[in-house]
There are 4 protein chains.
Amino acid sequence: MTQPPPKAPDSTRRSERSRRAIYDAALALVAETGYAKTTIEGIAARAGVGKQTIYRWWPSKAAVLLEAYLDLTAQAADVGDDGGGESEIPDTGDLEADLKLVLRATVDELNSPAYDGPTRALAAEGMVNAELGAQFVEKLLEPQLQLYVKRLRSAQETGDVRPGIDPRTALELFTGPLTARWLLRTLPLTHEYADAIVEYALHGIAARR
Amino acid sequence: MTQPPPKAPDSTRRSERSRRAIYDAALALVAETGYAKTTIEGIAARAGVGKQTIYRWWPSKAAVLLEAYLDLTAQAADVGDDGGGESEIPDTGDLEADLKLVLRATVDELNSPAYDGPTRALAAEGMVNAELGAQFVEKLLEPQLQLYVKRLRSAQETGDVRPGIDPRTALELFTGPLTARWLLRTLPLTHEYADAIVEYALHGIAARR
Amino acid sequence: MTQPPPKAPDSTRRSERSRRAIYDAALALVAETGYAKTTIEGIAARAGVGKQTIYRWWPSKAAVLLEAYLDLTAQAADVGDDGGGESEIPDTGDLEADLKLVLRATVDELNSPAYDGPTRALAAEGMVNAELGAQFVEKLLEPQLQLYVKRLRSAQETGDVRPGIDPRTALELFTGPLTARWLLRTLPLTHEYADAIVEYALHGIAARR
Amino acid sequence: MTQPPPKAPDSTRRSERSRRAIYDAALALVAETGYAKTTIEGIAARAGVGKQTIYRWWPSKAAVLLEAYLDLTAQAADVGDDGGGESEIPDTGDLEADLKLVLRATVDELNSPAYDGPTRALAAEGMVNAELGAQFVEKLLEPQLQLYVKRLRSAQETGDVRPGIDPRTALELFTGPLTARWLLRTLPLTHEYADAIVEYALHGIAARR
DNA sequence: AGATAACCGAGACGGTACGTCCCGTCTTTTT
DNA sequence: AAAAAGACGGGACGTACCGTCTCGGTTATCT
């Protein structure tokens, strides 16, 4: 019933060389001129590639950039063991300290221009473009969130967190406020803010002493 | 030393008729075709207005839309006393119940397509365009958040919330997770989720009993 | 000193099947969509043939079409004895009548859409592309003109045409006006016109002194 | 019943400056690189003009060039009294000599590269594009042919041409062969050929009975 | 019989130009 | 002086083809 898809290209014959060049050009242009001023035409020219080669493999500028970004983090992860925070939330036994450490690091990352620029642009695009947003969440965001799930579960086993609490929901008490402040720029993101969030939220889910 | 300002137009002679038409056209077009496909040219044509009339009074498409949107909510607020939740958070004495009520209402609002479309577009634009974002926050968001501040302060007075808690920070435990889920579409926004957030967060900031 | 020729393909191994398919596809596409909209890519697709197979054997779209057209007329000539007027100009002894007959037939042919379309396109291309034009003239046009030469020579033998006349030049008095009218569409091509041309040219337009 | 035409632009507000620049750029590019390699994009760039300004006023590259060419001849005609042969066919009383003079001049013109290039391209395009062809004939060709009509009529009055002859048809005995040879390049265009055509056509090729 | 070339289909590739859309500025005319 | 109207120079869009270039997969000789 669905109309025939418009001739999917043969991905086995895809030029790896071009893909790499496109990733590099896209990331460079976004870094230099910002997301909004980066154009597909510009990426193609910089990469020494025909425009059609981009249109053949990606549906939009945002998709190109998401993939380039993903590739970048994947590469980073390959080199060292921890590329972009994929690693772990520390588990020293002191849940509050562990969370503060992580949230402070997150605050620093969100405040660093190198991260903020492209990520913000991608996130904004994903907010409007549902398909892209889903990819953004699935590939970039959710893996990070799962680290919280793991740490909170561990805390439940040690009795630091009440058993009834759903970790996937609870984690948003910590990440939600930071994410919202970052995206909407309501107020500055500081270490003090991160600490406060941890303190306030942790009391909520912690076992009664 | 500053270069001469680019001929500020005389706002006393501004055509009210045109402004109204532009607001209407802008909102209609965003509703019909989405923010991205709405163009200044389109707005002008639809409003029966010269393009220059738009460029004279607004710096960008986003600014037009923000103002149109603000105007819309102001109108709504004028008619009934409560237009878009500008009113108050109820204060029945039961803080948990009051917050659940409000958050559930917020969930419903965020889930309604009529609200979601234009607001999401504006928010996304504001995320990338700092000036617009500031306006968005100042005019639309912060007033809403201040309602929480008021309610939490009241709860502190009744002893439902510990005195040391900063209400402006604490409120984000409630709104942050919802906002983040809405913008990033990580998981569906439900009443159950709203309830859980209130329960988890409230324990954190509540007085020890 | 001449650079090595670009690897001439081995024509003994050429696929007859492909050639036929290309001819057919090319003629069909020109008939359906016109010469300008016919593309090599389209011919290849329609013929179920790789593009390279066309580029290997022909230098240009026009060359493909000229050959296809030549093949078509050759086929036609094979079937009946007279395919496209290759035969003869009648020689009844009445030169004027014979020429009128032929020119009227030519008018009809030029007026028929089936002939006009592709021939006009090829002629127009040949006008700009000298090499193709030469082929067009040599293979298609000149053989036809030689029929006039033969008939006019015969007329000289019978004394119907003055001995000093050069037949190759004289024939253009008849064909030139028709060709020019057809190509430039200055005025409609009619039997009356053909008759008038024959009469004027044959008897001269000057008053007898 | 006809669908509304796609918004005709307001020609009173047309930029004369742009039009001139486009004419100049178009003619220069055709002279330098030939018609086929001349692109609308190239004309726009060379003229310092937006592409849309060309598309707004002309339907095709050929139309631009026809107009540029027309403008050129009109300018030439304005300066001297005779710009492009618009003048007259001489009338010395010797019809044969007068025609030979004119046809020899035509041969020279057709043989000159400066004329041949653009005219051939326009003619070829007009052969395929009927609307353009009609303009080409009406604006450029027919005015020239009418000069022959005038001269032949004069010859009829002096008795040099039989009264029954239709001048509009008869003129094609002279121009048709030249035009056909020029367009199709069947054989070279020489003064001898021009003379022969005049002689044959004027006196008839048939033997006097 | 097996090797080894060439042709062949398919179609990805770097490019160029297309014709369209919209940008933000400028100019003309009307109110 | 603001406003409706819209032409303008410019830039990017997404598409269509160009002619070249690999890819396997048949043939079709030539060892």
Side-chain angles (χ1 to χ4, degrees), chain A residues 6-7 9-15 17-18 21 37-45 47-57 59-61, chain B residues 6-7 9-15 17-19 21 37-42 44-45 47-57 59-61, chain C residues 6-7 9-15 17-18 21 37-45 47-57 59-61, chain D residues 6-7 9-15 17-18 21 37-45 47-57 59-61:
Chain A
K7 267 300 191 19
D10 177 352
S11 46
T12 66
R13 306 192 45 189
R14 186 166 181 181
S15 160
R17 209 172 160 289
S18 296
K37 290 196 173 179
T38 298
T39 65
I40 291 196
E41 212 147 42
I43 296 172
V49 141
K51 275 203 283 179
Q52 202 56 44
T53 300
I54 298 184
Y55 284 110
R56 183 153 33 230
W57 301 110
S60 69
K61 174 176 74 164
Chain B
K7 217 51 142 339
D10 176 354
S11 48
T12 66
R13 307 198 49 176
R14 184 168 181 182
S15 160
R17 208 170 158 289
S18 295
R19 182 164 59 188
K37 288 195 173 179
T38 298
T39 66
I40 291 199
E41 210 143 67
V49 137
K51 276 200 288 178
Q52 200 60 255
T53 301
I54 298 184
Y55 284 110
R56 183 152 34 228
W57 301 110
S60 70
K61 175 175 73 163
Chain C
K7 221 46 146 340
D10 176 355
S11 46
T12 66
R13 306 196 49 177
R14 185 169 181 183
S15 160
R17 210 172 158 289
S18 296
K37 290 196 172 176
T38 297
T39 66
I40 291 199
E41 215 146 39
I43 295 172
V49 138
K51 277 202 286 178
Q52 200 59 256
T53 302
I54 298 184
Y55 283 110
R56 186 155 28 232
W57 302 111
S60 70
K61 175 175 74 162
Chain D
K7 267 298 189 21
D10 177 351
S11 47
T12 67
R13 307 192 46 187
R14 185 167 181 183
S15 161
R17 211 171 159 291
S18 295
K37 289 198 171 176
T38 298
T39 67
I40 290 197
E41 212 147 44
I43 296 173
V49 140
K51 273 202 285 179
Q52 201 56 44
T53 300
I54 297 184
Y55 283 110
R56 185 152 33 226
W57 301 110
S60 69
K61 175 174 74 163

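Just so it is clear: chains get the letters A, B, ... in the order the sequence lines come, proteins before strands, and each one is counted from 1.
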Of D:T38 and B:T38, the one whose closest DNA chain E nucleotide lies more 5': D:T38

Under 4.0 Å from OP1 or OP2 of E:dG14: is there any side-chain N or O of A:T53 that close? yes

For DNA chain F, which nucleotides open and close the run of contacts to chain C, 5' to 3', at under 4.0 angstrom from a non-hydrogen atom? F:dC17 to F:dA28

Indicate the atoms forming the closest heavy-atom contact of B:A21 with B:A47, along with that distance. O-CB, 3.5 Å

For C:I43 and E:dA10, give me the distance from atom CD1 to atom C1', rounded to whole Å. 17 Å

Take atom CZ of D:R17 and atom P of E:dT28, then tell me their distance rounded to the nearest Å. 14 Å

In whole angstrom, what separates A:W57's CH2 from E:dG14's P? 12 Å

Nearest whole Å is fine: how far is E:dG11 P from C:I54 CD1? 15 Å

Can you measure B:K61 atom NZ to E:dC21 atom C1' for me and round it to whole angstrom units? 13 Å

Between C1' of E:dT16 and OH of A:Y55, the distance in whole Å: 15 Å

Between D:K51 (NZ) and E:dC23 (C1'), how many Å, whole number? 15 Å

Heavy atoms from C-beta onward define the side chain here; which of E:dC8, E:dC13, E:dC18 lies closest to that of C:S18? E:dC8

Those residues that, when tested against B:S15, pass side-chain hydrogen bond (donor to acceptor under 3.5 Å, both in side chains) (two or more places apart): B:S18

Might you point out which heavy atoms bring A:V49 and A:I54 nearest each other, and give the distance in Å? CG1-CG1, 4.3 Å

Excluding sequence neighbours, so at least two apart, what forms salt bridge (Lys or Arg N to Asp or Glu O under 4.0 Å) with B:K61? none

Select from B:Q52 and C:D10 the residue whose nearest nucleotide in DNA chain E is closer to the 5' end of that strand. C:D10

So what does C:R14 hit on the nucleic acid, given a heavy-atom distance under 4.0 Å: a base, only sugar-phosphate, or nothing? sugar-phosphate

Would you mind classifying the nucleic acid contact of C:G42 as base, sugar-phosphate or nothing, using non-hydrogen atoms under 4.0 angstrom? nothing

Find which nucleotide of DNA chain F each of C:T39 and C:R13 is nearest to by heavy atoms, and output the residue with the more 5' nucleotide. C:T39

So what does D:T12 touch, heavy atoms closer than 4.0 Å: a base, only the sugar-phosphate, or nothing? nothing

Taking the six-membered ring of C:W57, is the NZ or CZ of C:R14 close enough (under 6.0 Å from the centre) and on axis enough (within 45°)? yes

5'-most by nearest nucleotide on DNA chain F - D:A47 or B:R56: B:R56

